[in-house]
Protein chains: 2
Amino acid sequence: MKSYAKNVQSIKNDNRATILNLIRKAPVSRAEISAVAGLSKSSVTMITNALISEGQVREIGTEESTVGRKRILLDIVADYRFAAGIILHRRDIKVCLTDLKGEVITRASTAIENFRSADEVIDYTVNTVFELIDRLSLKKEDCIGIGISCPGPLDITRGVVLSPPHLDMLHNVAFCDKIREKTGMNVSLENNAVLLAMRENLIRDKMQNFMSVIISHGIGSAVVTAGEIYRGALGFSGELGHISVVADGLRCPCGNCGCLERYVSLSALKEHFGFTDYKQKVDMAYEGDEEALSVLRYITTYLGSGLVSAVNLFDLDAVILHGDYSYRPELLNGMLKKYINKNSVVAAVHGVEVISSPERNDRAEGNSTAAIIEQYFDQILEG
Amino acid sequence: MKSYAKNVQSIKNDNRATILNLIRKAPVSRAEISAVAGLSKSSVTMITNALISEGQVREIGTEESTVGRKRILLDIVADYRFAAGIILHRRDIKVCLTDLKGEVITRASTAIENFRSADEVIDYTVNTVFELIDRLSLKKEDCIGIGISCPGPLDITRGVVLSPPHLDMLHNVAFCDKIREKTGMNVSLENNAVLLAMRENLIRDKMQNFMSVIISHGIGSAVVTAGEIYRGALGFSGELGHISVVADGLRCPCGNCGCLERYVSLSALKEHFGFTDYKQKVDMAYEGDEEALSVLRYITTYLGSGLVSAVNLFDLDAVILHGDYSYRPELLNGMLKKYINKNSVVAAVHGVEVISSPERNDRAEGNSTAAIIEQYFDQILEG
DNA sequence: CTCCATTAGTTCAAACCTTAAACTAATTGC
DNA sequence: GCAATTAGTTTAAGGTTTGAACTAATGGAG
């Protein structure tokens, strides 16, 4: 059962949040807010003017119009507050600060080899966050929280990293708790695929049901449904990498057999075919090389099979692919799209889009604060 | 983004719905409602008394207490309104009326062989609904709507039956629209697994994230997450039967290869092992018969593999099995539970329950109106 | 250049709902 | 019979949305 707004005050907060989130998606005028949110013009005026006088929102000019008064566009004040991000990457640990739009303001990083224990990681990240804040002469109180981005299975309710081998010093350490303790800040741990999907959800307005998949040495995934991140029993993200594509197939470190990750991750590909340069193979495939094409067909069969399962279970409109397979993606994309639309039951009702989007490291840093920012805008507070 | 309550009136409706849904789950007192819903005692009094004077709710006695005034239990008036249900079963088409608790008041049915065309089905069901209403001297205006239960993939937005072969005369017919036209009533088409999950969601209070699976000649499934039915892009239910358990495996009529349904439905079992009496095999397995045990191991591997994928993707707490495998289920259940907990990634965070629950035809009829009833209680109207 | 039609945004009293506080009602144990 | 306790009711107060009437801004026609 949904939890409804209860009293008159909570309505105000809800409407503030609705409006602020609309503005956050893209600059809009009061009139548009009134139309989209279903609130009266009077209410929109009251609330937006309050937001403006608090310094959270500002007017950024007018829209063109053919007749009548021009609409005054409202935008959030991106530097009204800021957020800190920690990125537990495969090769290094990064720290950054972003504004409320997720744009990186400043950054730092150190190679993963420099860390021997969880405490070292904790000390480095906490100190660096404070250093960056100082360097920009920001106020600690204006930091809305620290978002941690990590690949692989996590236990986000406990704030614990479970899986990726290069972070074994963090396994089963109360990482979030310790950072919260040392900083006194709001701390959130999230899967990097979930963070990516959050950001995409903000941008892709029309797309309401999709899965974001990141494939590199492992496979990460997250699902957006009805315009919201899908959360399971304990906030565990959709683990596409550990979907079983071959019952009784190759054994996976996770304990299961036949996991997708054992077939189509970059490492699995190397193990299966013996080559290391995926990009080179793709180039050859474009030139018609039969062996290279067979590699793409192999990927299509296994990845397609896993995606069909996901599409059928979640009833998805689209799949967005990130990571290494995004190199010259037209060929593989076309094969996957054909495979999925031919083989999924939902295709009988609606088509399924397959989109490739190059994962820039830049974006990955900005994404790290996506969950903290979302949290911030969802529980709107006075002043 | 969530759609929030907007104005002061909508708050009232929301609170009415919250309270009515609480009462509907199980009889409660005003004091409990106040505590659980987070509403003040005054509001609860106001709203419940309004509901009572409208005839939607009644007091049904008091609870025992050790000290202080006894709590007065409130229950919904089950026959305040009624709903009609149409069940498109494998062997017959059933029509029934249920009260607001989903209890069947009256029923009728005809063998599927009697129908040659969609129009015949439409005429029969519509006429029978009116006949049953007349027979019980009920008022047509008190019927909250007609729920249609159907196995297999549906397009619930268009209200069209897509799949099961025995209903081929209904394929791509605007079934819901025509029935809505002829009756002027609210009509809803739902997958039978979804309806079952709705009912279970109402009953199983603690369980918030589970999948209901019905296995007989096909496989149907539905997911409840965060205490609500999961809905994908177009309300398509989670199609566990068409999850791919063997990439490039057995061809399925749906177009895909290696669908779970091709391995562990009753028909697939018959095809694979050549036997027809599943119950007999189970009996033999309990006596230690090695061949019979190998059948259960086969089911465990394939069904388990599919369930692991679903559990990993949806992050589920539990799987509830219905249908033919519910015969003496302890043995198979134990094997499945062990398999799933050993092989799923989420098991690292929380255990996964496997529950067998015999599917009674009786219940299937009552379930047919579950969606209409849910809809009714979610959009509460005055008087 | 003025006037008008049109759209955007503002002001304010009215309507409505929840709620805290103070109340009554019912029940047990001493 | 009385105190203690819990359940349920009444009522005035407080806060929010809103419709209606308003002002503001803009383009085009005459």
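Model, not experiment: these values are computed from the prediction. Both backbone and side-chain heavy atoms feed into the values below; hydrogens, waters and symmetry mates do not.
Scored by the salt bridge (Lys or Arg N to Asp or Glu O under 4.0 Å) test, A:E353 finds A:K337 as partners (sequence neighbours excluded). Scanning for side-chain contact (heavy atoms from CB on, under 4.5 Å) contacts around A:A78 gives A:D99, A:K101, with sequence neighbours left out. Listed by chain and residue number, A:S34 satisfy the side-chain contact (heavy atoms from CB on, under 4.5 Å) test with A:K41 (two or more places apart in sequence, or in another chain). Residues forming a side-chain hydrogen bond (donor to acceptor under 3.5 Å, both in side chains) with B:S149 (at least two apart in sequence, or on another chain): none. The side-chain contact (heavy atoms from CB on, under 4.5 Å) search around B:A371 returns B:S188, B:E190, B:L195, B:M198, not counting sequence neighbours. Every side-chain hydrogen bond (donor to acceptor under 3.5 Å, both in side chains) that B:S43 has, sequence neighbours left out, goes to B:S40. The side-chain contact (heavy atoms from CB on, under 4.5 Å) test applied to B:R204 returns B:E200, B:M207, B:I320, B:I355, B:S357, not counting sequence neighbours.
For A:I72, the side-chain atoms get nearest to C:dG9 when compared with the rest of C:dG9, C:dC17, C:dT19. Of the candidates D:dT16, D:dG8, C:dT19, the closest approach to any side-chain atom of B:R30 belongs to D:dG8. Comparing C:dA8, D:dG8, D:dT17 by their closest approach to the side chain of A:K41 singles out C:dA8. Closest to the side chain of B:S29, from the set C:dA8, D:dG8, D:dT16, is D:dG8.
No donor-acceptor pair closer than 3.5 Å links the side chain of B:D75 to the backbone N or O of B:P27. Proximity of a side-chain donor or acceptor of B:Y230 to a complementary backbone N or O of A:F314 within less than 3.5 Å is detected. Remark: side-chain polar atoms of A:N367 are not paired, donor with acceptor, to backbone N or O of A:A370 under 3.5 angstrom. A donor-acceptor contact shorter than 3.5 Å is absent between the side chain of A:N201 and the backbone of A:A197.
The existence of a salt bridge linking A:R199 and A:E374 is excluded, since no basic side-chain nitrogen approaches an acidic carboxylate oxygen closer than 4.0 Å.
Helix bend of the helix from C:dC1-D:dG30 to C:dC30-D:dG1: the angle between its two end axes, each built from five pairs, comes to 10° after rounding to 10°.
Rounding to whole angstrom units, CG of residue A:D14 and P of D:dG15 are separated by 18 Å. Rounded to a whole Å, the CG atom of B:N13 is 9 Å from the P atom of C:dC17. Taking atom CZ of residue A:R16 and atom P of nucleotide D:dT17, one finds them 11 Å apart after rounding to whole Å. Atom CD1 of B:I19 and atom C1' of C:dT18 are 11 Å apart (whole Å). Rounded to a whole Å, the CD1 atom of A:I11 is 19 Å from the P atom of C:dA15. If you take CD1 of A:I33 and C1' of C:dA8, they are 12 Å apart, rounded to a whole angstrom. A:K12 places its NZ atom 16 Å from the P atom of D:dG14, with the value rounded to the nearest Å.
Listed pair A:N15 / D:dT17 meets the phosphate criterion, a side-chain N or O lying under 4.0 Å from OP1 or OP2.
Listed by first and then second residue, the salt bridge (charged side-chain N to carboxylate O under 4.0 Å, His left out) pairs that reach into residues 27-39 of chain A are A:R30-A:E59, A:E32-A:R71, sequence neighbours excluded.
When the nearest nucleotides of DNA chain D are assigned to A:E64 and B:L73 by heavy-atom distance, the more 5′-ward of the two goes with B:L73.
Shortest non-hydrogen contact noted between A:N209 and A:D315 is CB-O, 4.1 Å.
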Are there any protein N/O atoms within less than 3.5 Å of an N/O atom in nucleotides 3-6 of chain D, and if so, which ones and at what distance?
from: D:dT6; atom 1: O2; to: B:R69; atom 2: N; distance (Å): 3.0

Is there any protein nitrogen or oxygen under 3.5 Å from a nitrogen or oxygen in nucleotides 28-30 of chain D, and what are the pairs?
none

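Within residues 42-49 of chain B, the residues approaching DNA chain D are B:S42, B:T45, B:N49, by heavy-atom distance under 4.0 Å.
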